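Note that the structure is predicted; figures quoted are calculated from it, not measured. Order of appearance sets the numbers: ligands from 1, and atoms from 1 within every ligand. Note that these values count all heavy atoms, side chains included, but never hydrogens, waters or copies made by symmetry.
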Amino acid sequence: MEYSEKVMEHFARPHNVGKIEDADGVGEVGNAKCGDIMKMYIKVDDGIITDVKFNTYGCASAIATSSMATDMIKGKPVSEALKLTNQAVVEALDGLPAVKIHCSVLAEEAIKAAVKDYYDKNGIEYDPALFKEDSCHYEHHHAQ
Ligand code: FES
């Protein structure tokens with residue numbers, strides 16, 4: 001099994017690891033395939049994700065994808081973070097071994113869960129279809 005250089009870099013020195021005490025949204029998801037857990041914290045200011053941190057008991061691929069995914073959504077509008085797919089993160093990492101693709105879904109789902117938590121806490125209305133279980137396959141158009 002071969003990991004790309006970028007995966008190795010992000011695994012060795014993951015970005016945005018930790019916890020945000022006064023987070024505006026927290027999402028926790030588990031990977032049904034391996035039982036690993038991911039927790040994601042976001043700080044939102046005026047619709048922009050100003051800070052994001054994660055903690056995981058996941059494997060190297062889960063850590064590398066979360067590191068990359070959090071880099072990709074930091075400073076972006078919440079609506080854009082919701083559109084981040086695990087495929088985009090895997091591409092940004094120059095690929096993952098096929099058997100490890102399921103690990104990359106953890107980051108995407110944790111980001112969505114954190115955003116949903118933020119929406120719920122702030123009474124922001126959203127289309128529930130955005131947060132369907134099979135979120136990696138949805139094809140809705142977001143009109144923000
Ligand atoms: Fe569990 Fe990768 S093996 S997240």
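Contact atoms of ligand 1 toward Lys100: 2 (Fe), 3 (S) (distance under 4.0 Å to a heavy atom of the residue).
For Lys43, the side-chain hydrogen bond (donor to acceptor under 3.5 Å, both in side chains) criterion is met by Asp22, not counting sequence neighbours. The ring pair (Phe, Tyr, Trp, His ring centres under 6.0 Å) search around Tyr57 returns none, not counting sequence neighbours. The side-chain contact (heavy atoms from CB on, under 4.5 Å) test applied to Glu9 returns no partner, not counting sequence neighbours.
Thr65 places no side-chain N or O within donor-acceptor distance of the main-chain N or O of Ala107, the cut-off being under 3.5 Å. Under a 3.5 Å cut-off, the side chain of Ser67 and the backbone N or O of Ile63 do not form any donor-acceptor pair.
The count of protein N, O or S atoms under 2.8 Å from atom 1 (Fe) of ligand 1 stands at 2, with waters excluded from the count.
There is no side-chain donor-acceptor pair under 3.5 Å between Lys19 and Asn55.
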